[in-house]
Novice: 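Here's a structure for you.
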Amino acid sequence: MNDSRLDARRSADGATEFAGVLVSRPDIARLAGVKRPAVTNWERRYADFPRPVTAARGDGADAEVERFRADEVLTWLSGRAVPANALLPGEPAGTTYGDRFRAGLPGGKAGGLFRAVERLAGPDADRLRGPMPLDRYLEWLLYVVLARIVEPDGMAKAVDDFGDMVRDYDPPEGTAPQRLLTELADTLGRSPAGSAQESRAAFDHVLVGWRAAHAREGGAFFTPPSVSRVMAGALAAVRPDAVSVHDPYGRTGELLVAYLDAVAAHGGSASPRVSGRVAGARERQVAEMNLRVHHGRTVRLGDGQVTPALDAWADPPGTFDVLLTNPPFGRRLEAMEPPPYWAYGTVRRSEFDWLQYAVSRLAPGGRAAVLMPAGASFSGGAAERVRKALVAAGAVECVIALPAGLFALTAVKTQIWFLRAPGSAAGTRRDVLFVSGERLAHRIDRTQWALGDVEIKRLVDAYVSWNAAGPSFTGTPGLSRAVSPEDIAEHGHRLDPALYVRVPGRTPAGPAETRDRLARLAEKIGDLHARADVADAEAARWLRRYGL
């Protein structure tokens with residue numbers, strides 16, 4: 001599998017084929033699947049929106065109709081994802097307005113790859129997989145889709161020698177039936193992709209299904225796309241010069257992919273070195289495929305632990321410009337000596353292990369984003385001492401509270417903690433930014449919520465503006481506020497944004513005793529949720545083992 005061949009195909013899938021096509025504003029709206037005022041709004045809000053190149057008189061009208069180059073419009077629209085609540089039936093998550101625009105242009109019809117993948121991952125899956133578990137079948141399908149994307153001429157050879165086709169990866173455990181490989185390879189071999197976006201959408205469609213099936217089997221909570229975009233977008237904006245980017249608990253590589261997406265969206269020309277660790281062999285292989293499909297990166301990820309204290313020297317200290325991760329939390333770490341990086345205190349809960357580990361691995365000027373349970377921001381005892389020490393050292397930059405319901409298989413409330421390397425120029429700043437994003441999500445189904453493009457931008461912009469403004473930052477009522485260490489100390493070193501960001505129209509908090517009681521209750525509820533999720537996953541695994 002040759003990276004240069006993949007890059008060449010992506011270039012060929014670009015917008016140059018439509019360089020001679022001109023479109024009007026109504027054309028753009030129709031092809032992109034939006035209302036006419038949306039195009040005008042894009043022009044007004046975004047300085048990089050393409051400029052009109054001609055003004056032709058409309059049929060039977062006195063007014064002139066400005067027209068735009070279709071290739072420039074396609075390039076711009078390809079960088080804008082359709083919000084989850086605006087997707088049309090059959091459109092996968094990650095579809096861009098450019099995908100719609102291209103499909104409607106003359107000669108730009110979408111290929112059949114995505115439709116074929118939809119059938120193979122949906123209606124045809126039970127027939128094809130037979131007794132094979134669904135997550136294992138979808139993993140085989142991921143391998144064949146990968147091969148279809150990076151080696152489009154190698155599908156026939158795949159049937160005879162599947163190992164060569166996926167030689168960069170270890171295939172799933174066990175052997176796939178030859179009948180299955182033949183049908184998958186034949187079907188996808190007859191299904192060309194109309195664009196690089198369609199290829200990536202096809203891969204992502206299978207990846208979403210595999211993640212859901214794999215999570216039900218093993219209890220893994222993968223990072224929701226909207227959360228990945230907040231974490232990655234904020235760090236890419238603040239550290240566009242990052243050379244080394246690391247995820248010490250990479251899951252399926254979603255955060256590394258999101259970070260590279262964000263760097264590209266910011267127009268960064270640098271190509272950061274990405275690395276990471278993944279807990280299981282299957283997740284590691286899927287993560288490596290994910291990076292390959294989306295960014296042409298052949299990345300070898302290492303083995304990780306459920307908590308870094310089990311392997312305290314896995315990554316060199318003070319190494320990474322950017323570190324972002326969604327680690328497992330809610331575990332007790334009783335049978336081990338405190339590792340050397342517990343410089344801020346001993347708390348035998350895995351979330352505080354991950355926090356201190358992330359800070360210790362940052363290079364001077366480095367930044368980290370760590371997804372945390374909400375209870376970590378207000379739990380008492382030793383946890384308070386650790387938070388106090390982190391704030392005093394200037395290691396905590398920002399805490400963003402996220403809405404509930406973002407994860408598919410758990411209702412636990414989460415926050416994003418942004419950290420910095422103490423002792424650097426950035427670490428001399430002591431105030432902490434609190435962002436209250438609990439009310440920004442929209443519902444996408446009966447139990448699931450998501451952040452849209454506008455909400456993601458508000459959260460990212462709050463962090464970026466605070467970094468840029470320095471002491472002059474005033475915050476946004478109801479959304480963000482910068483708080484001094486002295487004010488944080490008066491609140492018992494709790495780092496819950498709800499304590500500091502006043503929501504318009506909400507009555508002031510009650511007495512301190514009531515707040516403390518509610519904080520302890522919320523911590524207990526969060527802990528019970530986490531323990532129940534682990535127990536449910538374990539029960540499901542045993543039931544499947546007995547065919548139930």
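The chain is numbered in sequence order, starting from 1. Worth saying up front: this structure is predicted, and the values here are computed from it rather than measured.
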Novice: Determine whether Thr223 and Glu254 satisfy the following criterion, side-chain hydrogen bond (donor to acceptor under 3.5 Å, both in side chains), listing intermediate values before the conclusion.
Specialist: CA-CA 7 Å; Thr223 318; Glu254 60 265 27; 3.0 Å; yes
Novice: In terms of side-chain geometry, is the basic nitrogen of Asp135 or Arg282 positioned less than 4.0 Å from the acidic oxygen of its partner?
Specialist: yes
Novice: Can you measure from CZ (Arg200) to CG (Asp99) and round to the nearest 0.5 angstrom?
Specialist: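 That separation rounds to 8.5 Å.
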Novice: Check ring pair (Phe, Tyr, Trp, His ring centres under 6.0 Å) between Tyr463 and all other residues, then give those that pass, not counting sequence neighbours.
Specialist: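 By the ring pair (Phe, Tyr, Trp, His ring centres under 6.0 Å) rule, Tyr463 matches Phe418.
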Novice: Show, in sequence, the C-alpha distance, side-chain angles and deciding distance for Cys398 and Val435, and conclude whether the side-chain contact (heavy atoms from CB on, under 4.5 Å) test is met.
Specialist: CA-CA 8 Å; Cys398 171; Val435 182; 4.2 Å; yes
Novice: For Asp353 and Tyr341, what are the C-alpha separation, side-chain angles and deciding distance, and is it a side-chain hydrogen bond (donor to acceptor under 3.5 Å, both in side chains)?
Specialist: CA-CA 9 Å; Asp353 180 35; Tyr341 58 81; 2.5 Å; yes
Novice: Using the side chain to side chain donor-acceptor pair (under 3.5 Å) criterion, which residues pair with Thr474? Sequence neighbours excluded.
Specialist: none
Novice: Apply side-chain contact (heavy atoms from CB on, under 4.5 Å) to the pair Ile400 and Trp417, showing each step before the final yes or no.
Specialist: CA-CA 7 Å; Ile400 296 179; Trp417 288 39; over 6 Å; no
Novice: Looking only at heavy atoms, which two atoms of Val230 and Val460 are closest? And how far apart?
Specialist: O-CG2, 3.8 Å
Novice: Does any non-hydrogen side-chain atom of Pro403 lie less than 4.5 Å from one of Arg439?
Specialist: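 The answer is no, as the side chains (C-beta and beyond) never meet within the 4.5 Å cut-off.
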Novice: Any non-hydrogen side-chain atom of Arg367 less than 4.5 Å from a side-chain atom of Asn467?
Specialist: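 Yes, at least one pair of side-chain atoms sits under 4.5 Å.
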Novice: My understanding is that only residues two or more places apart in sequence, or in another chain, count here; which of them pass side chain to side chain contact (heavy atoms under 4.5 Å, CB included) with Pro248?
Specialist: His246, Asp315, Leu323, Thr325, Trp354, Tyr357
Novice: Using side-chain heavy atoms (C-beta onward) and a distance below 4.5 Å, is His493 in contact with Arg385?
Specialist: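 Contact flag for His493/Arg385 side chains = no.
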Novice: So which atom in Gly345 and which in Gln356 form the shortest heavy-atom distance, rounded to 0.1 Å?
Specialist: O-NE2, 3.0 Å
Novice: Can you list the residues that meet the side chain to side chain contact (heavy atoms under 4.5 Å, CB included) rule with Trp76, with sequence neighbours excluded?
Specialist: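 Applying side chain to side chain contact (heavy atoms under 4.5 Å, CB included) to Trp76 gives Trp42, Tyr46, Asp48, Phe49, Pro50, Arg80.
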Novice: What residues form a side chain to side chain contact (heavy atoms under 4.5 Å, CB included) with Pro83, not counting sequence neighbours?
Specialist: Asn85, Ala86, Tyr97, Asp453
Novice: Counting C-beta onward and ignoring hydrogens, is there a side-chain heavy-atom pair between Leu451 and Leu440 closer than 4.5 Å?
Specialist: yes
Novice: What's the shortest heavy-atom distance between Ala421 and Leu362, and which atoms?
Specialist: N-CD1, 3.7 Å
Novice: Side chains of Arg251 and Asn290: donor-acceptor distance under 3.5 Å anywhere?
Specialist: no
Novice: I'd like to check Asp321 versus Val245 (side-chain heavy atoms, cut-off strictly below 4.5 Å). Are they in contact?
Specialist: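 Counting from C-beta outward, Asp321 and Val245 never come under 4.5 Å.
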Novice: Taking only residues two or more places apart in sequence or in another chain, which ones pass side chain to side chain donor-acceptor pair (under 3.5 Å) with Glu490?
Specialist: none
Novice: Calculate, to the nearest 0.5 Å, the distance between atoms CG and CG belonging to Leu459 and Leu402 respectively.
Specialist: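 Output value for this atom pair is 7.0 Å.
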Novice: Are Thr252 and Glu283 close enough that a side-chain donor and a side-chain acceptor fall under 3.5 Å?
Specialist: no
Novice: Taking Arg481 first and then Asp487, would you say they form a salt bridge - that is, a charged N and a carboxylate O separated by under 4.0 Å?
Specialist: yes
Novice: Taking atom types as modelled, is there a side-chain donor on Ser377 or Gln415 under 3.5 Å from an acceptor on the other?
Specialist: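 Yes, side-chain donor-acceptor contact under 3.5 Å.
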Novice: What heavy-atom pair brings Leu301 and Ser275 nearest, and what distance separates the two atoms?
Specialist: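 Heavy-atom minimum between the residues: CD2-C, 4.1 Å.
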Novice: Check this for me, if you would: do Arg284 and Asp303 make a salt bridge, where the nitrogen-to-carboxylate-oxygen distance has to be below 4.0 angstrom?
Specialist: yes
Novice: Between Asp496 and His491, do the side chains contain an N or O donor and an N or O acceptor separated by less than 3.5 Å?
Specialist: no
Novice: Which atom pair, heavy atoms only, marks the closest approach of Leu419 to Glu397?
Specialist: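 What the structure gives for the nearest pair is O-OE1, 4.2 Å.
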Novice: Does any part of the side chain of Arg239, heavy atoms only, come nearer than 4.5 Å to the side chain of Leu235, both counted from C-beta?
Specialist: no
Novice: Do the non-hydrogen side-chain atoms of Pro328 and Tyr249 ever get within less than 4.5 Å of each other?
Specialist: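 Yes, their side chains come closer than 4.5 Å.
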